[in-house]
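Structure record follows, encoded as structure tokens.
For the numbers below, each heavy atom of this structure counts, side chains included, while hydrogens, waters and symmetry mates do not.
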Amino acid sequence: MKKTITISQLFPAEVSAWDEDEKERRAAAGREVLERIRRAGRNGSGTVRIPPGDYRFPGREGILLENLRDISLEAEGATFWFSSEVTAGVHFRNCRNVRLSGLALDMEELPFLQGTLLDVGDVRLVIRLEEYFVRRFHGQRDQDHFRLMFLDAAGEHEIDNLDFIVPRETLSFDAAGNLLVPVSEPVARHWRYQLRTPRPGDRVVLGMRHEGGMLLVDGCETMCFEAVTVYASPCFAFYEIGHGGGGNTYRGCRLIRRPGTDRLLASAADCFHSMNQRRGPLIEQCEFSWAMDDLVNIHGYFHVAVEQLAEDELLIVTPFGTGLRPGTELTFFSAPYGREKFRAAVVSRQESAGSEQEGLRRVRELYGRKFGIALQNFPGGSLCRVRFDRPLDTEPGDFACDYDNCGSGAVLRDNDLHDCHVRGVLLKAADCRIENNRISRTALNGIILKPEFFWLEGPMPRNIVIQGNTLTDCAFGHTALAAILVMCGCCAPPADRITPVVNAENITIAGNEIRNCNAGSGIAVFNSRHPRVSNNRIFHPFSNPAAIGRLDVSSRLDFSGKELSGEEISRLRESYSAILFLGSDAIECRHNSLTDPGRRCRMIVYAGPGCSGCGEQTDAAADRGL
């Protein structure tokens, strides 16, 4: 029997019953709340209590709060409602030491479509959309693409993970009003190796992503957010930007599907995204779930040298504006492999006015011409003349990172991170801790330390502790390599080539429990100096028998022209180890255990090409661990 979804099953009954007069009354209440907060900020009042109830904030900019200092906003029982075009829900700009507690954020129109699969073919899908979502499709004309996510018939679990994105112009409706979605050959091929492929009766979500943040923390520091809940977001649910001081706290916050509704998604983008902060966030006792992209992504950016102007001066492009100032130390790496070259401190910086598009053009042209790398668009690509405190030796394309503006010192602990279309925790920073979290049902890696060069997101992870976490059904898609992955090789296409360049340092992975990993190993560590992997318990890696052998790690090696012997390639292809090392130095690996009921692993640990030092024997007979 076909399931019919009504508006009252997607929104609270009282909200779905609002008429235009009631919407205006709720908007008036919202304006009054905004004025109370702004007045308290001007007067230096200590606490603002927002009464329980529903408040509307129509338009792209929901509620802008600037230059607040040392005040508390208590909003238990209050819900702020935003329109479909919102790019900033609650926007804090240049604020310090503000506490916000108890607030819920939701949308009057959902940032996704959802329906039921009627037919799954090699060339197209047939999807029945409810009337509400058909109206959303036709009403959201500016949405030029959709990102698909497949769930079981009950809508409880995602069943497939390939990044299935379709342009709007390729979609159509049949005579019965069903949505027709073309299926490309790579998608159809991918499904042949999934543990559970889509089938009629399954549920489908089509995400409609915009840019911005529902809780946008812009150029702020020492903020505290407690029990803030996001029920729907077309962009990042929690978003830190603006070269802020950072050091913000998120305690007991949530991204969840609204209880009591039939919504299949909560956010069309990341749950928590932090960039260019001097200090990383403390995220604890939070529940993050049902995001169409990563649950947590913390990073800075690589700056690209496009021209050396003098022995101590460079022309540099800095993505998303610039936080470079005198005294900033940059660590330089060679392009495209990322070998560390030297460090130098900024003496002076001169930014070229109106240089955003020129900076973007020069960097994309440079990487396309020299290395065949197609960088993504990045706004705010400032073009700067920068003088340093020492003579330099750079080539066009060399890149540099600033460890003081990448969220260093972030702590993620005691969180429940579950049901995510991409990755659980993606970290590109230094001096961070990921500890005692529950991470479950992520399509790709549960935890990954990895720069993403096509976004110029960095830096190289250093001094990271991953400890005491429980990962269950992470990397349920067969393309993710491992539940916990460390990989820092920056290199030319094809993407994610594995290089021998060692550029991550002091990564500790200890006392974690990993249960079920379709993609392969429980833990994979590449490109690392002195990684320490100990006392981890791994249960049932390589848990998707259909995917075994589909990811040939040996075919992805790029060892700078060094030819591997046939014996090395064969051994790597057949390694099937619970823990895998490549291109790493001074490895410490002790007291890890494996329970492998499918007997698919040949050993607990395999240290492959480019490795030196391993504190645990890798002999198959000694390390079977069954």
Mind running side chain to side chain contact (heavy atoms under 4.5 Å, CB included) on Leu375 and Val363 for me, showing each step along the way? CA-CA 8 Å; Leu375 296 181; Val363 172; 3.3 Å; yes

Step by step, would you call Gln114 with Tyr132 a side-chain hydrogen bond (donor to acceptor under 3.5 Å, both in side chains)? CA-CA 10 Å; Gln114 66 184 50; Tyr132 168 80; over 6 Å; no

If you apply the rule side chain to side chain contact (heavy atoms under 4.5 Å, CB included), what do you find for Gln194 with Phe150, and how did you get there? CA-CA 12 Å; Gln194 279 298 106; Phe150 301 91; over 6 Å; no

Pair Arg141, Arg168 - check side chain to side chain contact (heavy atoms under 4.5 Å, CB included), show working. CA-CA 9 Å; Arg141 294 289 181 182; Arg168 183 189 187 97; 3.9 Å; yes

Begin from the C-alpha positions of Asp473 and Arg515 and carry the test salt bridge (charged side-chain N to carboxylate O under 4.0 Å, His left out) through to its verdict. CA-CA 6 Å; Asp473 292 324; Arg515 292 185 172 272; over 6 Å; no

Could you walk me through whether Val204 and Val181 pass the side chain to side chain contact (heavy atoms under 4.5 Å, CB included) check? CA-CA 11 Å; Val204 185; Val181 179; over 6 Å; no

Test salt bridge (charged side-chain N to carboxylate O under 4.0 Å, His left out) on Glu158 and Arg203 and set out the steps. CA-CA 9 Å; Glu158 186 179 0; Arg203 311 294 296 281; over 6 Å; no

In sequence, state the C-alpha distance, the side-chain angles, and the governing distance for Lys23 and Glu108, and then conclude on salt bridge (charged side-chain N to carboxylate O under 4.0 Å, His left out). CA-CA 10 Å; Lys23 289 181 179 180; Glu108 294 180 300; 5.1 Å; no

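The CZ atom of Arg254 lies 9.5 Å from the CZ atom of Phe238; values are rounded to the nearest 0.5 Å. Atom CD1 of Ile464 is separated from atom CD1 of Ile447 by 11.0 Å, given to the nearest 0.5 angstrom. A distance of 4.0 Å separates CG in Leu148 from CG in Leu206, rounded to the nearest 0.5 Å. Rounded to the nearest 0.5 angstrom, Arg349 CZ and Ser382 OG are separated by 8.0 Å. In this structure, the separation between CG on Leu449 and CD1 on Ile484 is 9.0 Å, given to the nearest 0.5 Å. Here the OG-CG distance, from Ser440 to Leu471, works out to 9.0 Å after rounding to the nearest 0.5 Å.
Within a 6.0 Å radius of CD in Glu76, more than 12 heavy atoms belonging to other residues, nucleotides or ligands are found. Other residues, nucleotides and ligands contribute only 12 or fewer heavy atoms inside 6.0 Å of the CZ atom of Arg49. Counting non-hydrogen atoms of other residues, nucleotides and ligands closer than 6.0 Å to CZ of Arg60 gives a total of 12 or fewer.
Residues passing the side chain to side chain contact (heavy atoms under 4.5 Å, CB included) test with Glu226 are Arg99, Ser101, Cys224, Arg251, sequence neighbours excluded. When the side chain to side chain contact (heavy atoms under 4.5 Å, CB included) test is applied to Glu22, the partners found at least two apart in sequence or on another chain are Trp18, Asp19, Arg25, Arg26. With sequence neighbours left out, the ring-ring contact (aromatic ring centres under 6.0 Å, His included) criterion links His299 to His273, Tyr301. Checked against side-chain hydrogen bond (donor to acceptor under 3.5 Å, both in side chains), Asp404 has no partners two or more places apart in sequence or in another chain. Scored by the side chain to side chain contact (heavy atoms under 4.5 Å, CB included) test, Asp294 finds Asp270, Asn297, Val422, Arg423, Leu426 as partners (sequence neighbours excluded). Phe272 pairs by the ring-ring contact (aromatic ring centres under 6.0 Å, His included) definition with Tyr250, not counting sequence neighbours. Every residue meeting the side chain to side chain contact (heavy atoms under 4.5 Å, CB included) condition with Ser172, not counting sequence neighbours, appears here in chain and number order: Leu180. Remark: Glu61 engages His91 in a side-chain hydrogen bond (donor to acceptor under 3.5 Å, both in side chains) (not counting sequence neighbours). Under the side-chain hydrogen bond (donor to acceptor under 3.5 Å, both in side chains) criterion, Arg42 pairs with Glu35, not counting sequence neighbours.
Residues Arg278 and Asp402 are not paired through a salt bridge, judged by the lack of any N-O separation under 4.0 Å between the basic side chain and the carboxylate. Salt-bridge formation is not detected for the pair Arg196/Asp160: no Lys NZ or Arg NE/NH1/NH2 atom is positioned less than 4.0 Å from an Asp or Glu carboxylate oxygen. Between Arg147 and Asp293 there is a salt bridge, since at least one side-chain N of the basic residue sits less than 4.0 Å from a carboxylate O of the acidic one. Looking at Arg441 and Asp419, a side-chain N of the basic residue comes within less than 4.0 Å of a carboxylate O on the acidic one, giving a salt bridge. Taking 4.0 Å as the cut-off between side-chain N and carboxylate O, Glu287 and Arg438 do not count as a salt-bridged pair.
Counted by atom type alone, Gln143 and His210 present one or more donor-acceptor pairs between their side chains at under 3.5 Å. Between the side chains of Glu513 and Thr470, no donor N or O sits under 3.5 Å from an acceptor N or O. For Asn276 and Asn405, the side-chain atoms include no donor-acceptor pair closer than 3.5 Å.
Less than 6.0 angstrom separates the ring centroid of Phe92 from the ring centroid of Phe225. The aromatic ring centroids of Phe112 and Phe146 lie 6.0 Å or more from each other.
Closest approach of Pro182 and Leu171 over heavy atoms only: CD-CD2, 4.0 Å. The minimum heavy-atom distance between Cys406 and Ile298, with the atom names listed, is O-CG2, 3.9 Å. Here the closest non-hydrogen pair linking Gln277 and Ile241 is NE2-O, 3.1 Å. Closest approach of Asn248 to Val217, counting heavy atoms only: ND2-CG1, 3.9 Å. Contact between Arg38 and Leu64 at its shortest, heavy atoms only, is NH2-O, 2.9 Å. Smallest separation of non-hydrogen atoms from Met223 and Asn97: SD-N, 4.0 Å.
Asn415 places a side-chain N or O within 3.5 Å of a backbone atom of Gln285 that can act as its donor or acceptor partner.
A cation-pi arrangement is absent between Arg56 and Phe82, since the terminal nitrogen or guanidinium carbon is not both under 6.0 Å from the aromatic centre and inside a 45° cone about the axis.
Pairs passing the salt bridge (Lys or Arg N to Asp or Glu O under 4.0 Å) check and including a residue from residues 453-464, sequence neighbours excluded, read Glu340-Arg462, Lys428-Glu457. Under the salt bridge (Lys or Arg N to Asp or Glu O under 4.0 Å) criterion, no residue pair touches residues 235-246, with sequence neighbours excluded. Annotation: ring pair (Phe, Tyr, Trp, His ring centres under 6.0 Å) contacts involving residues 27-56, sequence neighbours excluded, comprise Tyr55-Phe80.
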